[in-house]
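To start, the structure itself, in C-alpha coordinates.
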Amino acid sequence: MMFNFQIEKPKTALIDYQTTYDFIALGLGPAGMNGALYAKRKGLKTLLVGYDLGGQLNNTSDVDNYLGLGNVDASVMIQKFKEHITALEVPMLTEVKVTSIQKNDVFEISLDNGEILKTKTLLYAFGGNPRKLGIPGEQAYASKGVSYCVTCDAPFFKKKHVIVAGGGNSALDAVIDLSRIASKVTIVHRSQFKGDQTTIDQIKALPNVDIHLETQILEVQGDITMTGVRVLDKKTQTESFIEADGIFIEIGHIPNSSLLEGLVDLNDAKEIKVDRFQQTSVPGLYAAGDVTDNPNKQIIIATSEGAVAALSATSFINQKGDK
Ligand SMILES: Cc1cc2nc3c(=O)[nH]c(=O)nc-3n(C[C@H](O)[C@H](O)[C@H](O)COP(=O)(O)OP(=O)(O)OC[C@H]3O[C@@H](n4cnc5c(N)ncnc54)[C@H](O)[C@@H]3O)c2cc1C
(Lines give C-alpha, C1' and ligand atoms only; values in the text may rest on other atoms or scores of the structure.)
Protein backbone atom coordinates (compact mmCIF):
# COMPACT_ATOMS: atom_id res chain seq x y z
CA MET A 1 0.00 0.00 0.00
CA MET A 2 1.28 3.48 -0.89
CA PHE A 3 0.96 6.32 1.64
CA ASN A 4 1.41 9.81 0.25
CA PHE A 5 1.66 11.68 3.53
CA GLN A 6 4.84 12.38 5.46
CA ILE A 7 5.37 10.44 8.68
CA GLU A 8 6.59 12.91 11.25
CA LYS A 9 9.95 11.73 12.48
CA PRO A 10 10.39 11.84 16.25
CA LYS A 11 13.15 14.07 17.55
CA THR A 12 16.25 12.24 18.73
CA ALA A 13 15.82 11.76 22.47
CA LEU A 14 18.55 12.56 24.92
CA ILE A 15 19.44 9.76 27.30
CA ASP A 16 17.01 10.14 30.19
CA TYR A 17 18.30 8.61 33.41
CA GLN A 18 15.17 9.74 35.33
CA THR A 19 12.60 7.99 33.15
CA THR A 20 11.58 4.34 33.02
CA TYR A 21 12.00 3.15 29.42
CA ASP A 22 9.58 0.65 27.88
CA PHE A 23 12.36 -1.32 26.18
CA ILE A 24 16.12 -1.22 26.46
CA ALA A 25 18.22 -3.34 24.12
CA LEU A 26 21.65 -4.19 25.51
CA GLY A 27 24.32 -4.93 22.90
CA LEU A 28 25.28 -3.11 19.73
CA GLY A 29 25.53 -6.25 17.61
CA PRO A 30 22.92 -7.33 15.04
CA ALA A 31 20.50 -8.68 17.69
CA GLY A 32 20.42 -5.56 19.85
CA MET A 33 20.31 -3.17 16.90
CA ASN A 34 17.36 -4.91 15.25
CA GLY A 35 15.54 -5.33 18.56
CA ALA A 36 15.77 -1.58 19.18
CA LEU A 37 14.71 -0.82 15.61
CA TYR A 38 11.57 -2.96 15.94
CA ALA A 39 10.69 -1.59 19.40
CA LYS A 40 11.10 2.00 18.20
CA ARG A 41 8.86 1.36 15.19
CA LYS A 42 6.26 -0.10 17.60
CA GLY A 43 6.19 3.24 19.42
CA LEU A 44 7.90 2.01 22.60
CA LYS A 45 10.13 4.39 24.52
CA THR A 46 13.31 2.67 23.45
CA LEU A 47 17.03 2.88 24.10
CA LEU A 48 19.91 0.94 22.53
CA VAL A 49 22.92 0.57 24.83
CA GLY A 50 26.36 -0.98 24.46
CA TYR A 51 30.02 -0.66 23.79
CA ASP A 52 31.15 -1.20 20.20
CA LEU A 53 28.73 -0.75 17.31
CA GLY A 54 28.68 -3.86 15.14
CA GLY A 55 29.70 -6.44 17.76
CA GLN A 56 31.47 -9.43 16.26
CA LEU A 57 31.10 -7.96 12.77
CA ASN A 58 34.10 -5.83 13.72
CA ASN A 59 36.22 -9.03 13.66
CA THR A 60 34.84 -10.26 10.35
CA SER A 61 35.99 -9.61 6.80
CA ASP A 62 33.46 -10.69 4.15
CA VAL A 63 29.88 -11.76 4.82
CA ASP A 64 28.39 -13.88 2.05
CA ASN A 65 25.19 -15.24 3.59
CA TYR A 66 22.92 -12.31 4.49
CA LEU A 67 19.94 -12.38 2.15
CA GLY A 68 19.89 -9.48 -0.29
CA LEU A 69 23.35 -8.10 0.42
CA GLY A 70 25.43 -10.54 -1.63
CA ASN A 71 29.10 -10.70 -0.73
CA VAL A 72 29.61 -7.68 1.48
CA ASP A 73 32.47 -6.32 3.55
CA ALA A 74 31.43 -6.55 7.23
CA SER A 75 32.32 -2.87 7.77
CA VAL A 76 29.84 -1.93 5.02
CA MET A 77 27.22 -4.07 6.74
CA ILE A 78 27.81 -2.26 10.06
CA GLN A 79 27.47 1.05 8.23
CA LYS A 80 24.18 -0.04 6.60
CA PHE A 81 22.77 -1.18 9.96
CA LYS A 82 23.87 2.08 11.56
CA GLU A 83 22.32 4.20 8.79
CA HIS A 84 19.01 2.39 9.26
CA ILE A 85 18.78 2.87 13.02
CA THR A 86 19.98 6.46 12.68
CA ALA A 87 17.33 7.17 10.00
CA LEU A 88 14.65 5.86 12.37
CA GLU A 89 16.17 7.95 15.18
CA VAL A 90 16.58 5.04 17.55
CA PRO A 91 18.11 6.61 20.69
CA MET A 92 21.51 5.06 21.25
CA LEU A 93 24.07 5.16 24.07
CA THR A 94 27.44 3.83 22.88
CA GLU A 95 30.86 3.28 24.44
CA VAL A 96 29.42 2.34 27.83
CA LYS A 97 29.82 -0.98 29.59
CA VAL A 98 27.01 -2.48 31.61
CA THR A 99 28.34 -3.55 35.00
CA SER A 100 25.24 -5.13 36.60
CA ILE A 101 21.54 -5.81 36.06
CA GLN A 102 18.93 -6.02 38.81
CA LYS A 103 15.23 -6.80 38.76
CA ASN A 104 13.12 -4.85 41.23
CA ASP A 105 9.75 -3.35 40.17
CA VAL A 106 11.51 -2.65 36.87
CA PHE A 107 14.92 -3.66 35.48
CA GLU A 108 17.82 -1.50 36.70
CA ILE A 109 20.95 -1.42 34.58
CA SER A 110 24.15 -0.04 36.10
CA LEU A 111 26.70 1.49 33.72
CA ASP A 112 30.42 2.08 34.05
CA ASN A 113 29.77 5.83 33.80
CA GLY A 114 28.09 5.60 37.23
CA GLU A 115 24.54 6.06 35.88
CA ILE A 116 21.59 3.70 36.26
CA LEU A 117 18.99 3.11 33.52
CA LYS A 118 15.47 1.81 34.25
CA THR A 119 13.21 -0.15 31.93
CA LYS A 120 10.00 -2.19 31.98
CA THR A 121 11.31 -4.75 29.48
CA LEU A 122 14.85 -5.67 28.60
CA LEU A 123 16.56 -7.34 25.64
CA TYR A 124 19.90 -8.87 26.62
CA ALA A 125 22.03 -9.32 23.47
CA PHE A 126 25.64 -9.31 24.64
CA GLY A 127 26.67 -12.00 22.16
CA GLY A 128 29.78 -14.06 22.69
CA ASN A 129 33.02 -15.13 21.11
CA PRO A 130 34.34 -18.31 19.56
CA ARG A 131 36.83 -20.12 21.81
CA LYS A 132 40.37 -19.76 20.41
CA LEU A 133 43.26 -22.23 20.32
CA GLY A 134 45.61 -19.44 21.43
CA ILE A 135 48.50 -20.59 19.23
CA PRO A 136 50.97 -18.63 17.07
CA GLY A 137 49.58 -17.79 13.62
CA GLU A 138 45.93 -18.13 14.65
CA GLN A 139 45.36 -14.38 14.77
CA ALA A 140 47.66 -13.55 11.84
CA TYR A 141 45.80 -15.92 9.48
CA ALA A 142 42.26 -15.10 10.72
CA SER A 143 40.09 -14.79 7.58
CA LYS A 144 43.16 -15.91 5.58
CA GLY A 145 42.47 -19.59 6.14
CA VAL A 146 41.55 -19.59 9.84
CA SER A 147 37.79 -19.67 10.43
CA TYR A 148 35.50 -20.27 13.39
CA CYS A 149 32.28 -20.75 11.42
CA VAL A 150 31.61 -23.58 8.99
CA THR A 151 28.15 -22.27 8.13
CA CYS A 152 29.69 -18.90 7.20
CA ASP A 153 32.86 -19.96 5.38
CA ALA A 154 32.66 -23.56 4.11
CA PRO A 155 31.75 -22.54 0.51
CA PHE A 156 35.05 -20.59 0.28
CA PHE A 157 36.90 -23.95 0.58
CA LYS A 158 35.22 -25.84 -2.26
CA LYS A 159 37.44 -28.71 -3.43
CA LYS A 160 40.22 -27.69 -1.01
CA HIS A 161 41.87 -29.44 1.93
CA VAL A 162 40.70 -28.20 5.31
CA ILE A 163 41.51 -29.08 8.91
CA VAL A 164 38.93 -29.17 11.69
CA ALA A 165 40.29 -28.58 15.20
CA GLY A 166 38.18 -30.12 17.96
CA GLY A 167 36.61 -33.40 18.98
CA GLY A 168 33.14 -32.58 20.32
CA ASN A 169 29.79 -32.71 18.57
CA SER A 170 30.16 -29.30 16.89
CA ALA A 171 33.53 -30.31 15.42
CA LEU A 172 32.10 -33.63 14.24
CA ASP A 173 29.13 -31.89 12.61
CA ALA A 174 31.57 -29.47 10.97
CA VAL A 175 33.51 -32.41 9.49
CA ILE A 176 30.34 -33.92 8.01
CA ASP A 177 29.29 -30.55 6.49
CA LEU A 178 32.78 -29.88 5.10
CA SER A 179 33.17 -33.38 3.67
CA ARG A 180 30.43 -32.47 1.15
CA ILE A 181 32.24 -29.32 0.00
CA ALA A 182 36.01 -29.72 0.52
CA SER A 183 38.07 -32.33 -1.32
CA LYS A 184 39.60 -33.56 1.95
CA VAL A 185 38.94 -32.92 5.65
CA THR A 186 41.49 -33.69 8.36
CA ILE A 187 40.25 -33.65 11.93
CA VAL A 188 42.91 -32.95 14.55
CA HIS A 189 42.14 -33.29 18.25
CA ARG A 190 44.43 -33.23 21.28
CA SER A 191 42.63 -36.16 23.03
CA GLN A 192 39.90 -38.69 22.13
CA PHE A 193 36.55 -37.76 20.53
CA LYS A 194 33.91 -36.46 22.95
CA GLY A 195 30.94 -36.51 20.53
CA ASP A 196 28.13 -39.01 20.00
CA GLN A 197 29.25 -42.48 18.94
CA THR A 198 26.84 -42.59 15.97
CA THR A 199 28.38 -39.37 14.58
CA ILE A 200 31.90 -40.69 15.19
CA ASP A 201 31.02 -43.86 13.26
CA GLN A 202 29.55 -41.75 10.44
CA ILE A 203 32.79 -39.76 10.19
CA LYS A 204 34.99 -42.85 10.20
CA ALA A 205 33.04 -44.11 7.18
CA LEU A 206 33.59 -40.94 5.12
CA PRO A 207 36.14 -41.58 2.33
CA ASN A 208 37.64 -38.06 2.31
CA VAL A 209 38.18 -37.68 6.08
CA ASP A 210 41.51 -38.24 7.89
CA ILE A 211 41.58 -38.49 11.69
CA HIS A 212 44.47 -37.45 13.96
CA LEU A 213 43.66 -37.98 17.64
CA GLU A 214 46.03 -37.33 20.58
CA THR A 215 47.54 -34.66 18.35
CA GLN A 216 48.10 -31.06 19.38
CA ILE A 217 48.10 -28.15 16.93
CA LEU A 218 51.15 -26.00 17.74
CA GLU A 219 51.09 -23.28 15.09
CA VAL A 220 49.30 -22.05 11.97
CA GLN A 221 51.84 -21.30 9.24
CA GLY A 222 51.60 -19.61 5.85
CA ASP A 223 52.70 -16.76 3.64
CA ILE A 224 49.93 -14.49 2.33
CA THR A 225 47.33 -17.08 3.35
CA MET A 226 47.80 -20.11 5.58
CA THR A 227 49.55 -23.12 4.11
CA GLY A 228 49.17 -25.59 6.97
CA VAL A 229 49.64 -26.36 10.64
CA ARG A 230 52.53 -27.69 12.70
CA VAL A 231 51.34 -30.49 14.99
CA LEU A 232 52.69 -32.67 17.79
CA ASP A 233 51.76 -36.35 17.92
CA LYS A 234 51.45 -36.79 21.69
CA LYS A 235 51.88 -40.57 21.58
CA THR A 236 55.23 -40.51 19.73
CA GLN A 237 56.22 -36.92 20.70
CA THR A 238 57.06 -36.20 17.05
CA GLU A 239 56.31 -32.97 15.24
CA SER A 240 55.07 -32.79 11.66
CA PHE A 241 53.46 -30.35 9.22
CA ILE A 242 49.98 -30.89 7.74
CA GLU A 243 49.48 -28.91 4.53
CA ALA A 244 46.02 -27.37 4.26
CA ASP A 245 44.17 -24.42 2.73
CA GLY A 246 42.12 -23.71 5.81
CA ILE A 247 41.40 -24.59 9.41
CA PHE A 248 38.02 -24.49 11.14
CA ILE A 249 38.42 -24.09 14.89
CA GLU A 250 35.41 -25.76 16.49
CA ILE A 251 36.25 -25.91 20.17
CA GLY A 252 33.27 -24.06 21.60
CA HIS A 253 31.74 -20.67 22.12
CA ILE A 254 31.94 -18.34 25.14
CA PRO A 255 28.63 -16.53 25.73
CA ASN A 256 28.72 -13.11 27.46
CA SER A 257 26.03 -14.15 29.93
CA SER A 258 27.81 -13.50 33.25
CA LEU A 259 25.68 -10.42 34.09
CA LEU A 260 22.55 -12.60 34.16
CA GLU A 261 24.02 -15.52 36.12
CA GLY A 262 21.74 -16.18 39.08
CA LEU A 263 18.92 -14.12 37.55
CA VAL A 264 17.87 -16.29 34.56
CA ASP A 265 18.16 -19.97 33.66
CA LEU A 266 21.34 -20.88 31.74
CA ASN A 267 22.28 -24.18 30.09
CA ASP A 268 25.50 -26.12 30.81
CA ALA A 269 27.40 -23.98 28.29
CA LYS A 270 26.21 -20.85 30.18
CA GLU A 271 24.00 -19.82 27.29
CA ILE A 272 20.68 -18.17 28.17
CA LYS A 273 17.69 -20.46 27.78
CA VAL A 274 14.93 -18.84 25.70
CA ASP A 275 11.62 -19.95 24.26
CA ARG A 276 10.43 -19.23 20.73
CA PHE A 277 9.37 -15.72 21.80
CA GLN A 278 12.97 -15.09 23.02
CA GLN A 279 11.55 -15.01 26.56
CA THR A 280 13.99 -15.99 29.34
CA SER A 281 12.91 -17.52 32.65
CA VAL A 282 12.21 -13.97 33.94
CA PRO A 283 9.02 -12.26 32.63
CA GLY A 284 9.82 -9.13 30.62
CA LEU A 285 13.46 -10.15 30.12
CA TYR A 286 14.34 -11.34 26.62
CA ALA A 287 17.58 -12.59 25.10
CA ALA A 288 18.60 -12.83 21.44
CA GLY A 289 21.57 -13.73 19.26
CA ASP A 290 24.78 -15.55 20.14
CA VAL A 291 24.24 -15.36 23.91
CA THR A 292 21.20 -17.68 23.75
CA ASP A 293 20.96 -21.48 23.64
CA ASN A 294 20.21 -21.42 19.91
CA PRO A 295 23.17 -23.43 18.53
CA ASN A 296 23.13 -21.51 15.25
CA LYS A 297 25.26 -18.40 15.67
CA GLN A 298 24.56 -16.27 12.59
CA ILE A 299 23.93 -12.61 11.80
CA ILE A 300 20.57 -13.20 10.13
CA ILE A 301 19.45 -15.34 13.06
CA ALA A 302 20.58 -12.73 15.62
CA THR A 303 18.73 -9.93 13.79
CA SER A 304 15.61 -12.04 13.50
CA GLU A 305 15.70 -13.00 17.19
CA GLY A 306 16.12 -9.32 18.11
CA ALA A 307 12.94 -8.55 16.17
CA VAL A 308 11.03 -11.40 17.85
CA ALA A 309 12.17 -10.17 21.28
CA ALA A 310 10.97 -6.61 20.58
CA LEU A 311 7.58 -7.84 19.38
CA SER A 312 7.25 -10.10 22.44
CA ALA A 313 8.16 -7.17 24.70
CA THR A 314 5.49 -5.04 22.98
CA SER A 315 2.84 -7.71 23.67
CA PHE A 316 4.05 -7.96 27.27
CA ILE A 317 3.67 -4.21 27.77
CA ASN A 318 0.31 -4.12 25.97
CA GLN A 319 -1.04 -6.94 28.14
CA LYS A 320 0.06 -5.22 31.33
CA GLY A 321 -2.05 -2.29 30.16
CA ASP A 322 0.37 0.36 31.35
CA LYS A 323 1.29 1.68 27.89
C1 LIG B 1 35.30 -14.17 12.67
C2 LIG B 1 33.80 -14.29 12.57
C3 LIG B 1 33.20 -14.35 11.33
C4 LIG B 1 31.82 -14.46 11.23
N5 LIG B 1 31.27 -14.52 9.99
C6 LIG B 1 29.93 -14.59 9.87
C7 LIG B 1 29.33 -14.63 8.57
O8 LIG B 1 30.01 -14.59 7.54
N9 LIG B 1 27.98 -14.74 8.53
C10 LIG B 1 27.19 -14.81 9.65
O11 LIG B 1 25.96 -14.89 9.53
N12 LIG B 1 27.74 -14.77 10.87
C13 LIG B 1 29.08 -14.66 11.02
N14 LIG B 1 29.64 -14.64 12.26
C15 LIG B 1 28.75 -14.74 13.45
C16 LIG B 1 28.09 -13.38 13.74
O17 LIG B 1 29.09 -12.38 13.82
C18 LIG B 1 27.30 -13.46 15.04
O19 LIG B 1 26.35 -14.51 14.94
C20 LIG B 1 26.56 -12.17 15.34
O21 LIG B 1 27.43 -11.06 15.38
C22 LIG B 1 25.83 -12.27 16.68
O23 LIG B 1 25.22 -11.05 16.96
P24 LIG B 1 24.81 -10.65 18.44
O25 LIG B 1 24.12 -9.34 18.32
O26 LIG B 1 24.12 -11.76 19.10
O27 LIG B 1 26.18 -10.48 19.27
P28 LIG B 1 27.57 -9.75 19.00
O29 LIG B 1 27.80 -9.47 17.57
O30 LIG B 1 28.56 -10.58 19.75
O31 LIG B 1 27.40 -8.33 19.75
C32 LIG B 1 27.31 -8.25 21.15
C33 LIG B 1 27.63 -6.83 21.59
O34 LIG B 1 27.47 -6.70 23.02
C35 LIG B 1 28.57 -5.95 23.53
N36 LIG B 1 28.78 -6.24 24.95
C37 LIG B 1 29.09 -7.41 25.55
N38 LIG B 1 29.18 -7.25 26.89
C39 LIG B 1 28.93 -5.93 27.14
C40 LIG B 1 28.86 -5.13 28.33
N41 LIG B 1 29.05 -5.63 29.56
N42 LIG B 1 28.57 -3.82 28.19
C43 LIG B 1 28.35 -3.25 26.97
N44 LIG B 1 28.39 -3.96 25.81
C45 LIG B 1 28.68 -5.29 25.90
C46 LIG B 1 29.74 -6.40 22.65
O47 LIG B 1 30.80 -5.50 22.77
C48 LIG B 1 29.06 -6.39 21.28
O49 LIG B 1 29.02 -5.09 20.74
C50 LIG B 1 31.02 -14.52 12.40
C51 LIG B 1 31.62 -14.45 13.66
C52 LIG B 1 33.00 -14.33 13.75
C53 LIG B 1 33.64 -14.23 15.13
Side-chain angles (χ1 to χ4, degrees), residues 24-37 47-78 81-82 85 92-101 109-113 115 117 122-132 138-139 141-156 246-261 271-272 274 278 286-310:
I24 289 183
L26 297 180
L28 302 181
M33 280 196 264
N34 207 37
L37 186 148
L47 183 62
L48 173 60
V49 177
Y51 194 70
D52 53 335
L53 195 75
Q56 287 174 74
L57 293 186
N58 290 297
N59 310 323
T60 307
S61 51
D62 286 2
V63 176
D64 196 35
N65 59 357
Y66 197 93
L67 184 68
L69 293 188
N71 186 296
V72 63
D73 192 284
S75 62
V76 173
M77 201 168 189
I78 296 173
F81 287 171
K82 185 181 173 190
I85 52 177
M92 189 167 33
L93 177 60
T94 64
E95 290 175 27
V96 291
K97 291 226 161 163
V98 173
T99 53
S100 70
I101 298 169
I109 301 151
S110 302
L111 306 175
D112 64 354
N113 64 7
E115 300 283 3
L117 290 162
L122 179 63
L123 166 58
Y124 187 93
F126 275 166
N129 294 104
R131 201 179 292 280
K132 309 247 162 74
E138 183 179 11
Q139 177 69 33
Y141 292 105
S143 303
K144 293 175 186 158
V146 175
S147 173
Y148 300 89
C149 178
V150 170
T151 307
C152 313
D153 295 337
F156 298 127
I247 178 169
F248 286 86
I249 298 168
E250 292 287 340
I251 55 172
H253 185 261
I254 307 167
N256 291 324
S257 59
S258 57
L259 292 175
L260 290 190
E261 261 191 277
E271 295 167 328
I272 299 168
V274 287
Q278 303 306 129
Y286 304 86
D290 281 16
V291 77
T292 73
D293 60 354
N294 185 338
N296 300 305
K297 315 292 186 196
Q298 291 285 282
I299 301 162
I300 203 153
I301 291 171
T303 50
S304 134
E305 289 182 352
V308 171

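Fair warning: this is a prediction, and the values are worked out from it, not measured in the lab. Just so you know, ligand 1 is whichever comes first in the structure, and atom 1 is the first atom listed for that ligand.
For Ile299, a nitrogen or oxygen atom sits less than 3.5 Å from a nitrogen or oxygen atom of ligand 1, counting backbone and side chain alike. Backbone and side-chain nitrogen or oxygen atoms of Ala302 are examined, and none is located within less than 3.5 angstrom of a nitrogen or oxygen of ligand 1. Where the criterion is an N or O separation shorter than 3.5 Å, residue side chain and backbone included, Val98 meets it with respect to ligand 1. For the pair Asn256 and ligand 1, the shortest N or O to N or O distance does not fall below 3.5 Å. For Gln56, a nitrogen or oxygen atom sits less than 3.5 Å from a nitrogen or oxygen atom of ligand 1, counting backbone and side chain alike. In terms of polar-atom proximity, Lys97 is not counted as a contact of ligand 1, lacking any N or O under 3.5 Å from an N or O of the ligand. Of the polar atoms of Ala31, at least one N or O is found under 3.5 Å from an N or O of ligand 1, judged by distance alone.
Counting heavy atoms closer than 4.0 Å to ligand 1, residue Asp52 contributes atoms from both its backbone and its side chain. Contacts with ligand 1 closer than 4.0 Å are made by side-chain heavy atoms of Asn65 only, the backbone lying farther away.
Looking only at side-chain heavy atoms (C-beta outward), Arg131 and His253 stay at 4.5 Å or farther from each other. The closest side-chain heavy-atom distance from Val49 to Ile24 is below 4.5 Å. Residues Ile299 and Phe81 are in side-chain contact: their nearest non-hydrogen atoms beyond the backbone lie under 4.5 Å apart. In this structure the side chain of Leu259 reaches within 4.5 angstrom of the side chain of Phe126, judged on heavy atoms. Between Tyr124 and Leu260, the closest side-chain pair of non-hydrogen atoms falls below 4.5 Å.
Not a single heavy atom of Thr151 sits closer than 4.0 Å to an atom of ligand 1. The shortest heavy-atom distance from Gly128 to ligand 1 is under 4.0 Å.
The closest protein non-hydrogen atom to atom 38 (N) of ligand 1 is Phe126 CG, 3.4 Å. When only non-hydrogen protein atoms are considered, atom 19 (O) of ligand 1 lies nearest to Asp290 OD1, 2.9 Å. For atom 50 (C) of ligand 1, the closest non-hydrogen atom of the protein is Thr60 OG1, 4.1 Å. Of all protein heavy atoms, the one closest to atom 1 (C) of ligand 1 is Asn59 O, 3.6 Å. Among all protein heavy atoms, the one lying closest to atom 24 (P) of ligand 1 is Pro30 CD, 4.0 Å. Among all non-hydrogen protein atoms, the one lying nearest atom 27 (O) of ligand 1 is Gly127 CA, 3.3 Å. Among all non-hydrogen protein atoms, the one lying nearest atom 7 (C) of ligand 1 is Cys152 SG, 3.3 Å.
For ligand 1 and Gly55, the ligand atoms under 4.0 Å from any heavy atom of the residue are 29 (O), 31 (O), 48 (C), 49 (O). Proximity to Lys297 (heavy-atom distance under 4.0 Å) selects the following atoms of ligand 1: 15 (C), 19 (O). Interface of Gln298 with ligand 1, defined as ligand atoms under 4.0 Å from a residue heavy atom, comprises 10 (C), 11 (O), 12 (N), 19 (O). Atoms of ligand 1 found under 4.0 Å from any heavy atom of Val96, numbered from 1 in the order shown, are 43 (C). Proximity to Gly289 (heavy-atom distance under 4.0 Å) selects the following atoms of ligand 1: 26 (O).
Atom CG of Leu28 and atom CE of Met33 lie 7.0 Å apart (nearest 0.5 Å). For the atom pair OG1 of Thr151 and CD1 of Ile301, the computed distance is 8.0 Å after rounding to the nearest 0.5 Å.
A 6.0 Å sphere centred on CD of Glu95 holds no more than 12 heavy atoms belonging to other residues, nucleotides or ligands.
Remark: the Gln56 side chain and the Asn129 side chain contain no N/O donor-acceptor pair separated by less than 3.5 Å. Side-chain contact annotation: Ser110 with Thr99, donor-acceptor N/O pair under 3.5 Å absent. Judged by distance alone, the side chains of Thr303 and Asn34 never bring a donor and an acceptor atom under 3.5 Å apart. With 3.5 Å as the limit, one finds a donor-acceptor pair spanning the side chains of Ser75 and Asp73.
Figure legend: Lys297 and Tyr148 shown without cation-pi pairing, the cationic atom not lying both under 6.0 angstrom from the six-membered ring centre and within 45 degrees of its axis.
Listed by chain and residue number, nothing satisfies the side-chain hydrogen bond (donor to acceptor under 3.5 Å, both in side chains) test with Glu250 (two or more places apart in sequence, or in another chain).
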